[in-house]
Protein chains: 4
Amino acid sequence: MPEELHNLQGQKMGRKGRETRRRIMDVTLALLQDSSYKDLTVLDVVYEADVSNATFYIYFEDIEDVLFACVQEAALDMNAILDVLATDWNRRNLRQKVREFVESYNQLWEKNRVELRLRNLEADQGNPRFLHYRTESTRKIYEALGRKITELNPGQRNPDGVAIVIFAALDIIAAKHEIGIVSGATRQTRKKLTDAIVDLLSLVLENRA
Amino acid sequence: MPEELHNLQGQKMGRKGRETRRRIMDVTLALLQDSSYKDLTVLDVVYEADVSNATFYIYFEDIEDVLFACVQEAALDMNAILDVLATDWNRRNLRQKVREFVESYNQLWEKNRVELRLRNLEADQGNPRFLHYRTESTRKIYEALGRKITELNPGQRNPDGVAIVIFAALDIIAAKHEIGIVSGATRQTRKKLTDAIVDLLSLVLENRA
Amino acid sequence: MPEELHNLQGQKMGRKGRETRRRIMDVTLALLQDSSYKDLTVLDVVYEADVSNATFYIYFEDIEDVLFACVQEAALDMNAILDVLATDWNRRNLRQKVREFVESYNQLWEKNRVELRLRNLEADQGNPRFLHYRTESTRKIYEALGRKITELNPGQRNPDGVAIVIFAALDIIAAKHEIGIVSGATRQTRKKLTDAIVDLLSLVLENRA
Amino acid sequence: MPEELHNLQGQKMGRKGRETRRRIMDVTLALLQDSSYKDLTVLDVVYEADVSNATFYIYFEDIEDVLFACVQEAALDMNAILDVLATDWNRRNLRQKVREFVESYNQLWEKNRVELRLRNLEADQGNPRFLHYRTESTRKIYEALGRKITELNPGQRNPDGVAIVIFAALDIIAAKHEIGIVSGATRQTRKKLTDAIVDLLSLVLENRA
DNA sequence: GATGAATGAGAATTCATTCAT
DNA sequence: TATGAATGAATTCTCATTCAT
């Protein structure tokens, strides 16, 4: 049952309206793949979307508004990752499960690279909307991760902190695959860094203090 | 014996010129503490520095040029960190050394928060100058860290990867103290995250496969 | 069936848009009558045209672009001159025809002094667009003139060269009436110089080697 | 006996000062060969001349001032042309003399192309200094030419007008050799146009009404 | 639902020019 | 004699945004 969507003028959006709105978002994402979002202008978008600039303002407040709309649409399948964390991890399947977890997060990035990158850049610059959104959409993951740590390695005194740190690293590694740059590192193969994360997390979980 | 510095017009820079150039940089950094660098304009800078906008262009190409100059000046005391890594780490002093290492990196950020944050934001957005600069100025650290891992834990098959991942996490943790946000986490005390990193690195180094 | 014209933003130009574009061109020409085109600025034009400077850039790339548009519009009635050259010239009506030809060219200049002067100045300075345009729009004339020379004076061995030289002189004389300066000469009455050109051309045509 | 030259500050110019002034002029002429003089700036000149911009104003008021100084220096050997006109022209040596005259004018342009082109462009744009200078420096030539016409062809009723027209054409042909463009004509060999002028002038002089 | 037209506002940039040294 | 330093004043140009149709 689809919600009733309205444009910024308060009108109910029909098929045509929804299509136009969609096209603006699609074009925006397409443009972000090429150029930096830093200099993405309303004019660029409307030119590419082949609508008049006045039309833009029927559906969005400004550029940031489209960007946020794009980001919001993206991360819906976070569930795949949570599913992995919901299964039973034990001594025998540990490495396998850890790898599944890491890979599922990588896949999320693979699918939504543009949106997630955008989310991070804006959040890193302190943009509250994006900051809050990032927190909300990732909280479940590192909380679940924290619980896993506690569960498998009850001796770990600081499970939440470790979870956050691991997750931070995971996020970066996943994020930087494309441009191949990790915090000053030269290009590294995906495999090497993924393995390192897997190693690290496994170590944390296996280790009995 | 001081080098002969020239401004963009090819004139030798005397005392007064150097002072003006300095003031522009200082003001830029001061402005970055308050507002986002995203909308920092030449006009903002020259107003604050109390020089005409024409003067700005005698010393810098554009805003990015000042930013880069600021960043370049910052990381000079990277040596403190390398020094820690140059000492002897052994089973007895391990935790202590790891903590020193982490703390020294935190301190680097404490001193140069604005510049380093800037460097990372630009690099993350794919700006080549900053990307390259970050690589060059951090390479030594994670290379040394990689060697330490090999040295203390020869069983570790992927020391470089692990070093990069650890360093990436360290960089984020250090970076995000201020805004209190780690990859979507809610505000966390410095201590907790620092401890987590220390734990993690210690674990990697202690663990005998 | 009028063509669909577009402005620089790709919008179809309606009545209002065409009017604005026109007004900018008209004002530009008016301003050129007073002051040198050398220091004609976009600001001058938009002030006089009573539009914002942003509006200017909707219709023209820069000042040169308006200038060229003005020049292009001007020389439409080149046909009057070609018509004279298309009639039968013979021994009896020769002087009369020559005079008609010269006068028709003078009249062209009288009507489009600003535009033609502009065209020449830019072309003389090597501006390719204007150079090319001048070539194209005058070629027919001096080619026809060359043929006339051959026709009436078959003994002339270098009809094209002579035609070009005569035409060059004609162009200058016509051009310089206003400012009264011909290649360093003090002000000369129109009549005197026109007579001289008529004499010269008649001489060329009459003379049987 | 060299005149005592003063710079704009009223100081007598010594060797060094004269050298600097010279260098500025030389550089200006060199720059004019490449680029249009339209956008020649003081900064360009001083950069190329390797002096400070302040130095420029010791010797010249502004760019036009240098340009005029350059132009003034150029046409000194106008005498060669006047010499040709001062010899005896008669029926037998006529074509030969005409050709000498035309060639000598071409040579003047060959040697001083940049300066003469500059002079013409400025004069054509109505710049009074250059206009006046052009008049003065060419008057003798077309006056002498007018007398020659009267002398050799007393029947010619409008010798001054014809002289001016011929001279105007001569000037253009000489001027346009380089850029190969004569008032809209496509590139023509020097020879062809020179021959045409020679023909024309000979015709005027030979013809007995 | 869409768009042609227009603009205010501000940013970047460049120059000619001056002055103290 | 020369120049480092600075600037006022334009000018170009671009954008986000609005509004009447």
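Below, read A as the first sequence line, B as the second, and so on, with proteins coming before strands; counting in each chain starts at 1.
- The side chain of Ala54(B) sits closest to dT7(F) out of dT7(F), dA5(F), dA5(E).
- If you measure from atom NZ of Lys16(B) to atom P of dT3(F), you get 18 Å, rounded to the nearest angstrom.
- Backbone-only contact: Tyr59(B) has heavy atoms under 4.0 Å from sugar-phosphate atoms and none from a base.
- Residue contacts for Thr41(C): at a heavy-atom cut-off of 4.0 Å it reaches the sugar-phosphate backbone alone, with no base atom in range.
- Between the P atom of dT3(E) and the NZ atom of Lys12(C) lies a distance of 9 Å, rounded to the nearest Å.
- Taking atom NZ of residue Lys38(A) and atom C1' of nucleotide dC15(F), one finds them 17 Å apart after rounding to whole Å.
- Taking atom CD1 on Ile58(C) and atom C1' on dC13(F), their separation rounds to 12 Å, with Å as the unit.
- Residue His132(B) qualifies as open at atom NE2: its count of foreign heavy atoms under 6.0 Å is 12 or below.
- With DNA chain E read from its 5' end, the first of the two nearest nucleotides for Phe56(D) and Val51(C) is the one closest to Val51(C).
- Here the side chain of Asn53(D) is nearest to one of dT18(F), dG1(E), dA6(F), namely dA6(F).
- DNA chain E is contacted by both Leu43(B) and Asn7(C); Asn7(C) maps to the nucleotide lying nearer its 5′ end (nearest heavy atom per residue).
- Rounded to whole Å, atom C1' of dT11(F) lies 13 Å from atom OH of Tyr57(B).
- Within 4.0 Å (heavy atoms only), Glu19(B) reaches no atom of the nucleic acid at all.
- Remark: DNA chain E forms stems of 3 or more consecutive Watson-Crick or G-U wobble pairs, all pair distances under 3.5 Å, at E:2-21 with F:2-21.
- Within the 3.5 Å criterion, the main-chain N or O of Val51(D) finds no donor-acceptor partner in the side chain of Thr55(D).
- Remark: Arg119(A) is not positioned above the aromatic ring of Phe130(A), lacking an NZ or CZ atom under 6.0 angstrom from the ring centre and at most 45 degrees off the axis.
- You won't find any donor-acceptor pair under 3.5 Å spanning the side chain of Asp62(A) and the base of dT17(F), going by distance alone.
- Judged by distance alone, the side chains of Glu64(A) and Asn127(A) do bring a donor and an acceptor atom under 3.5 Å apart.
- The interatomic distance linking Gln9(C) (CD) with dA2(E) (C1') rounds to 16 Å, in whole Å.
- Looking at Asn112(D), its side chain never comes within 3.5 Å of a backbone N or O of Leu116(D) through a donor-acceptor pair.
- The side chain of Gln11(A) has dG1(E) as its nearest neighbour among dG1(E), dA5(F), dT3(E).
- Closest-nucleotide positions on DNA chain F for Val42(C) and Met13(B) were compared, and the one nearer the 5' end corresponds to Met13(B).
- Atom-to-atom, CD1 of Ile63(D) to P of dT17(E) comes out at 9 Å; the value is rounded to the nearest Å.
- Among dA6(F), dG8(E), dT3(E), the nucleotide with an atom closest to any side-chain atom of Thr55(B) is dA6(F).
- Of the possible donor and acceptor atoms, one in the side chain of Asp44(D) sits under 3.5 Å from a partner among the backbone N and O of Thr41(D).
- Thr20(C) has no side-chain polar atom (N or O) that falls below the 4.0 Å cut-off from OP1 or OP2 of dA5(E).
- Look at CG on Leu8(A): it is 12 Å from P on dG1(E), rounded to the nearest Å.
- Looking at Gln11(C), its side chain never comes within 3.5 Å of a backbone N or O of Asn7(C) through a donor-acceptor pair.
- Looking only at atom types and distance, the side chain of Asn120(C) has a donor-acceptor partner in the side chain of Arg134(C) under 3.5 Å away.
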